[in-house]
Each structure stands twice: as C-alpha cells, then as structure tokens.
2 protein chains.
Amino acid sequence: MKKDSPYTIKDIAQELGLSPSTVSRALSGHPHISQETKDRVQEVVEKSGYRHNALASSLRNSKSNMIGLLVPRISMYFQSTVITAIQNKLHEFGYNLMVCQSNDSVEMEKELVNVLYSSRIEGLIVSPTLYTTDFSHFDIFNKSKIPLVFYDRVPKTHSAHKIVGDDYQGGYLSTKHLIEQGSRRIAHISGPLSCSIYRDRYAGFQEAMHEAGLEVEKSLVHFHELNRENALATCEKLYALGEFPNGVFACNDTTAIAVMEFAKKHGIAIPADVKIVGYSNDPRAEIIEPAITSIEQFPYEMGEQAADLMMSLILEKVNPGRNLISMTTPIELVIRKSSSLSLALTT
Amino acid sequence: MKKDSPYTIKDIAQELGLSPSTVSRALSGHPHISQETKDRVQEVVEKSGYRHNALASSLRNSKSNMIGLLVPRISMYFQSTVITAIQNKLHEFGYNLMVCQSNDSVEMEKELVNVLYSSRIEGLIVSPTLYTTDFSHFDIFNKSKIPLVFYDRVPKTHSAHKIVGDDYQGGYLSTKHLIEQGSRRIAHISGPLSCSIYRDRYAGFQEAMHEAGLEVEKSLVHFHELNRENALATCEKLYALGEFPNGVFACNDTTAIAVMEFAKKHGIAIPADVKIVGYSNDPRAEIIEPAITSIEQFPYEMGEQAADLMMSLILEKVNPGRNLISMTTPIELVIRKSSSLSLALTT
DNA sequence: ACGTTATTTGCAAACGTTTGCATATGGTTT
DNA sequence: AAACCATATGCAAACGTTTGCAAATAACGT
C-alpha cells in the first residue's frame, strides 16, 4: 500500500521485514545482497512511489553532486551557449547544475556567492560581472578547497583557474584585418576596462595599430556597456567629429549592428566608407546585410572545457589544485562583407 | 582558530561554551537569544569561515528551497529568455534553480525527471521535448503532491498547470495577415504535430484559411524539426511544385530566415512575390533585410508567470492545487517588411 | 519571603541515508 | 566433528541542523 507522505527506506524495510541497511544496499546494488532481496525491494519501490532522498544521502556522504554556475546574464547568446555545453558535460558525470545570475550587479554577485557557498555545491563556475574588480568574495571557496573556475571574464591579478578566449589575439586580428582592408582612422568601442576581456581586446587593438604605425586617437576610443543605446550615442559623438572613422572595431555584435544602423541612416556606405568588425559571432552577425565580420569564440567548446576542468579538479584527489590551470581557447576571425570590399562586390 | 575541514555549529558552540541549539537560534535571529550571544556567535562565524550546511538544514526541515527546471535546450532564444525571467523571479522568493536540458530526447527527459524527483526539488517547471506525447513519467510529481507547471509546450490531455502562449491566435493572426496582404497560396511550415504549440498554430492557420474561403493545399503544408537544413529542403519541394507559394507562415524565425535565403537565391522577391511570417520574434527577425514579420511571445513575461504560479502553488497551503490553473499569455503580431508591400515601399 | 512571570539557554530527538563492524546461516574442508 | 569460509543480513552511529520542551536564572509584585 501507499502511504501519503514521505515513504522512506525504513518504511520499505518494515514492509519487507528487513533492516534499513539491507534496503539501502539493495538499492545501491551492493554485491552482498541476494538477488531475491533486491527484486523484492525493487518491487516495493515501484509500487510505493518511494522517493530517494538525495538530501539525506548528500549529507551522509558529504557529496552533493551539484555544481554552481554564476553568470551575469543567462540569455545572452554567448552565455546561453556556454551554459548549454556545461550542463551537457556535467550530466555525463552525473552532476547537476545550479544556475544563478548576477545581472551584472556586484552586490547580487556577492549575495549569490554566499548562497551557493552554503548550498554545498562541490564546485563553482563563474563568469563575473562587468564591474567585479575585487574578487575577495570568492576567497571562501579557495579557503574551503572547493574548486573554483572562472571563464571568459576572469580576474587578472587574483590567482585562480581560468578558461579564457584569446581576447588579445581577437583584438589584434580584428584591427589588423581592418588595417589590411584599408582602414586608417579606426574607432574602438569597447566595454568597461574593469573587465578583463575588454582590457585584452583593447591591448590587441593598440598593438595592431602601433605595429602599422597608426596613431590611436583618443576621441575614437570609447568604453561603456555594450548595448544599442550606448552604441548609438557613441556614433553620434563620432559623427560630430566631422569625419566618421573609416573603420570600427566593436567589442560585441550588438554594438556592431548599432553602428551599422547608424551608418545606413546617415548614408555612410559599408564597407566602402566604413569597415566594421564585431565580436562573438552572434547569429545576427551572419544574416544582417551586409554580414558582419566577427570573432568566433567557440562558446560551446569553452563551456565544455570549463566543465571538464571542473570535473578533473573534483575527481583528481591526486593533485588537489596545487598548481593553477589557465587555458586559452583560440578564436577565429570570420571575415564577411562588412569589412571586405572584395567580398561585398562579388555578390 | 580555524579548523581545516568542516566547521559546524557544534564547533562554534564548543568554542563559546554554548549549546548547538543556542548557536542555531542565534544564527537564525531567534528573539529569545540575547544580543550579546548573537554578537559572539557572529564573530566566531566570521573568523572561522563557518559554512552553513543547507543540506542538513533542508533535510531537517524537509525544505530544499530548490526548484527544478527541465527544458529542451537552454540556448534557444525563447528558452533562455524564459529561464532568465524564472531565475530572477525565484531569487526574489529565496529559491534556487536547478536546470536540466533534455536536448529534445524523450529518453533523456525521463531520466532527468527521476534525477530531479529525488533531488528534493519543491517544484518542477517543464517545457517538454518535441516528441513527448506520453506524459506519464511526470505523474510521480502529482502523486507526491509536488507542484508541476508546464509552459510553452504542454500536454493537451494530461491535466496539469499550464502557461501557454496563445498559439492558436498566433497561427490565426499570422495567416489572416498574409491573406489581407494578398497571399492566396499559403505554405505552412511547422514542427512535429506531437507538440502542442504546433498543433495549435496549425489549427489557427486552418481556421483563417477556411474563413477566407481558401483551400489548404496538402502539398504546401510541411511538418518537421524547424532548423535551417529541413527548411531549405522543404523550400526545394515547394519550388519543385512549379509555382512557389505567394505566402509562407513559418513556425519559427530560423525557418522564416531559411525561406528568405532560398527566395533570394532564386530571385523570388520579398514581399512582392512571396510574403513571409515567422514566429517568436527572434532578435534576428528584426535586423534581417527585409525585416521579418513575426509573432512576439513575450517570453520574459511568460517566465515570470511560470515562476509566480510555481511560488503560489508552493506557498499557498490553503488551496493545495485542487483546481488546475491554465493561463494563456497573449501574443502580438509584429508586422514588418517581409509581409507588407506598403512597408517595404516606404523605405 | 514566596509565588509568578519573563528571559535565556540546554537536552535530546528527529530528518533519511550510509557504512564499518558484528552476526547468523549454511556449506565446505580437513 | 571441529574449524573455516562465503554469503546475507542487522545494529548502531554518523552526517549537521532545528525545535519542542524543560530548566535555569533573574526580575517582579504582593
């Protein structure tokens, strides 16, 4: 028969005249339990709707099989792809994922770190907010020897395990490409420099400029949150300079799209008058007309790597995180019409 | 001093010469504990790096503060937006989210249902796979009186709490719009009819056609997974009919985009020769040229509603789910150039 | 001075599972 | 017939927290 509320191992034991230990072992397939007993237990389990209590089990084993994930925003293309990969990979290892989002608020991030900390997650995977410069709220994880992996946006000074895209190279290649295509006055629209990825891309940008003997004009470089409104405002400023830049390296595709919108509205031809490169290879970059040259970051692979690293940190009792791992996943410049006159003409 | 491994309430108690009960109460702000004691406890907590054990707490209270979410794919635009909303809303109530994805595999879905079931989630929010027609694996939740909310794709026969978009209306309005714009031979490209949303959209499509006295040509109606490859293949079939339809109602924007790609390639003018409507109002719909008319589903609002419903089911001890709740969130037809000759000409 | 009440703390059991050790049974070996 | 092994099961403690109840102390009124 079926009890209404919680049906436990004890109940099963009682019903079968066994001890809870035997039932527990039967359920976990312990070799010392006779097949007959296992069958009987299984039968009762099925008809009673017994619900294994993972909480109790986790408590007893101090093993929650849960990984925490803390991201700025779930719904951004890059992030959601990474999450997809992480979830798939963790599932292979029998781990579950608890997902939190900071909405790019440092306050929220701090709060969630504590929530996750006390939730007994076995590891934490993080992409911090745009404004996280002080990473000390993550220290509790290091202190407690709980694996902590940063990805994408990562602490520069703070030592930790990191999975990053090659943002320096991304910035460098984008800019070099623009220069090769003939751009000279190149604008750079990027995110807050408090964030590692934007610092690196900026550095790559500068390097390519210097290498080509070009000057980085202060008035062409802008840092702010990369949404459409901000991007359009920046375009206004650039436009007000008298002459619009003939190249734009935008640090995400939303911004690149906004620049394109602005250019079209003002009769600036793309790529003839201005060449544009975005970042992240958002699905929109490919289908807009002209298609936008962008940097592919391989977010799925990045997510897989983060999950793999996390699992090896957890499973590897041998080398318990004595040496810090830092992986850089390569990027790829995907050249499209927005920056290439020859491509634009062939169609 | 700081112990290396788990520092518990008992340790704090011992260090202060108190009992664990007192420490526990001090931590939870119980009114019968003196301020002095609370301060002393707080001090030790901070310097010891004490980690509250939510597992033990949950076990004792049989309250995990965790909600499960089971979706086909995290990274689809619609889904990731819903998840964002759900996560934000649940956080307001102090609940956490455990996210799983079925990758549209029924097998995986069944497995994950069991995993979630034993994880002691207090409620489950689900958008099932495309192919889930038998919903009996969700019954354990009903049996155990654990709130279960379906959204978007929902069981038709199976009684349950549901949050759905108004797919019938979406299908009806899209089709009516195409007809109003002059389309007569209208193709319908949709997903598997095993899935509620596609059945409803198809019904709306048929209704609008009948209302206008138009015939639904079998050869113009196609059902399959809605990705680019399948859509292009369907386009080939339509093209092979001799005359391409002059209207296409596609059940997602990926498909609409593929149709557009095909039309462009074959010199079929949009919207002059063929008018196209998509579904979901994906960010790409707005920026492609010509922009695609689509159905806005308000995924964020949908997610909030799902979370709100879940919370009221959990908190409301009063009416413990005796009556089933079914909410339909309105949709909105967003008219753009892909279906409107007048709009296309003004630019 | 004594009963009454308010305040603060402690005891011990409970949540459901797991596991080392001990035990029981039957069968095999010398 | 004694000693031994293999197999199957049970006992009881433990994981860390919470909470009803009891108890200790202090404060108060009559």
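Quick note: numbers below take in every heavy atom, side chains included, and nothing from hydrogens, waters or symmetry partners. Letters A, B, ... mirror the listed sequences (proteins, then strands); counts begin at 1.
Rounded to the nearest 0.5 angstrom, A:Ile83 CD1 and B:Ser75 OG are separated by 9.5 Å.
Near DNA chain D, meaning a heavy atom under 4.0 Å away, the residues from residues 58-67 of chain B are B:Arg60, B:Asn61.
Judged purely by atom type and a 3.5 angstrom limit, A:Ser119 has no side-chain atom pairing as donor or acceptor with the backbone of A:Ile121. The main-chain N or O of A:Leu59 is never found under 3.5 Å from a side-chain atom of A:Ser62 such that the two would form a donor-acceptor pair. Between the side chain of B:Thr84 and the backbone N or O of B:Ser80, at least one donor-acceptor pair lies under 3.5 Å. Within the 3.5 Å criterion, the main-chain N or O of B:Tyr7 finds no donor-acceptor partner in the side chain of B:Arg51.
Separating the CZ atom of B:Arg120 from the C1' atom of C:dG16 is a distance of 8 Å, rounded to the nearest angstrom. Rounded to whole Å, atom P of D:dG16 lies 8 Å from atom CG of B:Asp11. Rounded to whole Å, atom P of D:dC15 lies 14 Å from atom CD1 of B:Ile9. Here C:dT7 presents its C1' atom at 14 Å from CD of B:Glu36, a figure rounded to the nearest Å. B:Asn53 has its CG atom 9 Å from the P atom of D:dT18, to the nearest Å. Remark: P of D:dG16 and CG of B:Leu55 are 11 Å apart, rounded to the nearest angstrom. Atoms OH (B:Tyr7) and C1' (D:dG16) sit 14 Å apart, rounded to a whole Å.
Phosphate contact (OP1/OP2 of C:dT17, side-chain N/O of A:Tyr50, threshold under 4.0 Å): present.
The aromatic rings of B:Tyr117 and B:Phe141 lie perpendicular to each other, with more than 60° between the two planes, well past the 30° mark. In this structure, B:Phe135 and B:His158 have tilted ring planes: the angle between them lies in the 30° to 60° band.
Within the 4.0 angstrom heavy-atom criterion, base atoms lie near A:Ser24.
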Protein-nucleic acid N or O pairs under 3.5 Å, nucleotides 8-11 of chain C:
residue : atom : partner : partner atom : Å
C:dT9   : OP1  : B:Thr37 : OG1          : 2.8
C:dT9   : OP2  : B:Ser34 : N            : 3.1
C:dT9   : OP2  : B:Ser34 : OG           : 3.4
C:dT9   : OP2  : B:Thr37 : OG1          : 3.3
C:dG10  : OP2  : B:Ser19 : N            : 2.8
C:dG10  : OP2  : B:Ser19 : OG           : 3.1
C:dG10  : OP2  : B:Thr22 : OG1          : 2.5
C:dG10  : N7   : B:Arg25 : NH2          : 3.4
C:dG10  : O6   : B:Arg25 : NH2          : 2.4
C:dC11  : N4   : B:Ser21 : OG           : 2.9

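Of the charged side-chain nitrogens involved, at least one lies within less than 4.0 Å of a carboxylate oxygen, so that A:Arg153 and A:Asp104 count as a salt-bridged pair.
Side-chain contact check for A:Met327 versus A:Gln305: some heavy-atom pair is nearer than 4.5 Å.
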